K.L.:
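Can you keep this structure in mind? I'll have questions shortly.
Being a predicted model, the structure only gives us computed values, none of them experimental.
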Amino acid sequence: EKKGKKKSTSSHCPQCKNALDNIFIWKKYEFGNCPHCNEPLGIPYYSPEDFLKKLSQTIAEKIEVMGKGKSMQDLVRTESFSYLMNGIIAIGIDTRATDIHFEPFEATMRVRQRIDGVLYDLVHLPGIVSNHLASALKTMANLNISEKRIPQDGKFKFNRRNMDFDIRVSTAPTQHG
């Protein structure tokens with residue numbers, strides 16, 4: 001199974017001395033260069049897996065704070081949630097994945113990507129995040145978010161490094177959503 005590289009031990013860029021530990025500065029999802037000065041860091045600051053785990057933890061904490069009074073649209077509009085969605089897709093594109101699988105389980109969602117015909121685990125998301133993620137993907141692909149009993153197909157466009165990618169979304173009924 002593929003393993004990510006270890007996180008850099010420094011929390012500051014050796015060139016420009018800016019802090020690197022704010023997860024929201026990594027707008028390009030490229031963890032080998034400083035997001036401030038674009039100089040190589042030597043060892044990537046995050047592995048894609050660590051980055052997505054930290055984002056999903058941030059979102060789970062926000063959901064807990066927001067409580068049940070807020071709608072899913074309010075959550076999807078938060079920076080961290082869209083950052084997680086975009087990060088999963090961007091990392092899939094960068095690794096040349098042909099498929100990204102979102103597999104819900106009772107208390108978690110496993111995200112895997114198919115590279116050269118083999119499925120690799122990317123991240124396991126907490127259950128509290130998974131329902132919102134599935135609904136957001138369905139919304140982006142113009143699917144009916146309330147329909148879980150029949151398969152659905154849709155698509156949307158995603159821009160990465162000034163290139164448009166057609167993303168196809170297919171859903172299938174499963175035991176956990």
K.L.:
Return the CZ to CG distance between Arg110 and Asp121, rounded to the nearest 0.5 Å.
P.N.:
5.5 Å
K.L.:
Might you point out which heavy atoms bring Arg149 and Glu147 nearest each other, and give the distance in Å?
P.N.:
N-OE2, 3.0 Å
K.L.:
Considering non-hydrogen atoms only, spot the tightest contact between Asn159 and Asn162 and give its length.
P.N.:
OD1-N, 3.3 Å
K.L.:
Return the minimal non-hydrogen interatomic distance between Pro104 and Thr174, and the atom names on each side.
P.N.:
CG-OG1, 3.7 Å
K.L.:
To the nearest 0.5 Å, tell me how far Thr98 OG1 sits from Leu119 CG.
P.N.:
8.0 Å
K.L.:
Nearest 0.5 angstrom please: Ile25 CD1 to His36 NE2, how far?
P.N.:
3.5 Å
K.L.:
Taking all atoms of both residues into account, what is the closest heavy-atom pair of Gly117 and Arg114, and its distance?
P.N.:
O-NH1, 3.7 Å
K.L.:
For a 4.5 angstrom cut-off between non-hydrogen side-chain atoms, does Pro151 reach Ser170?
P.N.:
no
K.L.:
Could you check if a side-chain atom of Met140 sits within less than 4.5 angstrom of a side-chain atom of Val169, using non-hydrogen atoms only?
P.N.:
no
K.L.:
Could you go step by step and tell me if Ile89 and Phe156 meet the side-chain contact (heavy atoms from CB on, under 4.5 Å) rule?
P.N.:
CA-CA 12 Å; Ile89 297 169; Phe156 62 92; 3.8 Å; yes
K.L.:
So, the side chain of Thr108 versus the backbone of Leu125: is there a donor-acceptor pair under 3.5 Å, distance only?
P.N.:
yes
K.L.:
Tell me, with the steps shown, if Asp21 and Tyr45 meet side-chain contact (heavy atoms from CB on, under 4.5 Å).
P.N.:
CA-CA 9 Å; Asp21 55 355; Tyr45 190 75; 3.4 Å; yes
K.L.:
A side-chain contact here means heavy atoms from C-beta on lying under 4.5 Å apart; do Asn18 and His12 qualify?
P.N.:
no
K.L.:
Roughly how far apart are Met109 CE and Leu133 CG, rounded to 0.5 Å?
P.N.:
5.5 Å
K.L.:
Do the side chains of Lys28 and Asp94 get close enough for a salt bridge, i.e. N-O under 4.0 angstrom?
P.N.:
no
K.L.:
Rounded to the nearest 0.5 Å, what's the gap from CZ on Phe158 to CE on Met163? Could you check?
P.N.:
12.0 Å
K.L.:
Quick one: are Leu122 and Ile100 in side-chain contact, heavy atoms under 4.5 Å?
P.N.:
no
K.L.:
Once rounded to the nearest 0.5 Å, what's the spacing between atom CG of Asn33 and atom CH2 of Trp26?
P.N.:
8.5 Å
K.L.:
For Tyr29, check ring pair (Phe, Tyr, Trp, His ring centres under 6.0 Å) against everything at least two apart and list the hits.
P.N.:
Phe51, Tyr83
K.L.:
Is there side-chain contact between Pro173 and Ile150, with at least one heavy-atom pair below 4.5 Å?
P.N.:
no
K.L.:
Which heavy atom in Cys34 sits nearest to a heavy atom in Leu41, and how many Å separate them?
P.N.:
N-CG, 3.8 Å
K.L.:
Between Gln152 (side chain) and Asn144 (backbone), is there a donor-acceptor pair under 3.5 Å?
P.N.:
yes
K.L.:
List the steps and the verdict of side-chain contact (heavy atoms from CB on, under 4.5 Å) for Leu137 and Met85.
P.N.:
CA-CA 8 Å; Leu137 282 168; Met85 296 273 300; 3.7 Å; yes
K.L.:
Would Val123 and Phe105 show up in the same hydrophobic cluster when neighbours are defined by side-chain heavy atoms closer than 4.5 Å?
P.N.:
no
K.L.:
What heavy-atom pair brings Ile145 and Ser135 nearest, and what distance separates the two atoms?
P.N.:
CG2-O, 3.5 Å
K.L.:
Are any non-hydrogen side-chain atoms of Phe102 and Ile88 less than 4.5 angstrom apart?
P.N.:
yes
K.L.:
Above 12 or not: heavy atoms from other molecules or residues under 6.0 Å from CZ of Arg96?
P.N.:
no
K.L.:
Set out, in order, the CA-CA distance, both residues' side-chain angles and the distance that settles side-chain contact (heavy atoms from CB on, under 4.5 Å) for His124 and Val111, then state yes or no.
P.N.:
CA-CA 6 Å; His124 288 249; Val111 180; over 6 Å; no
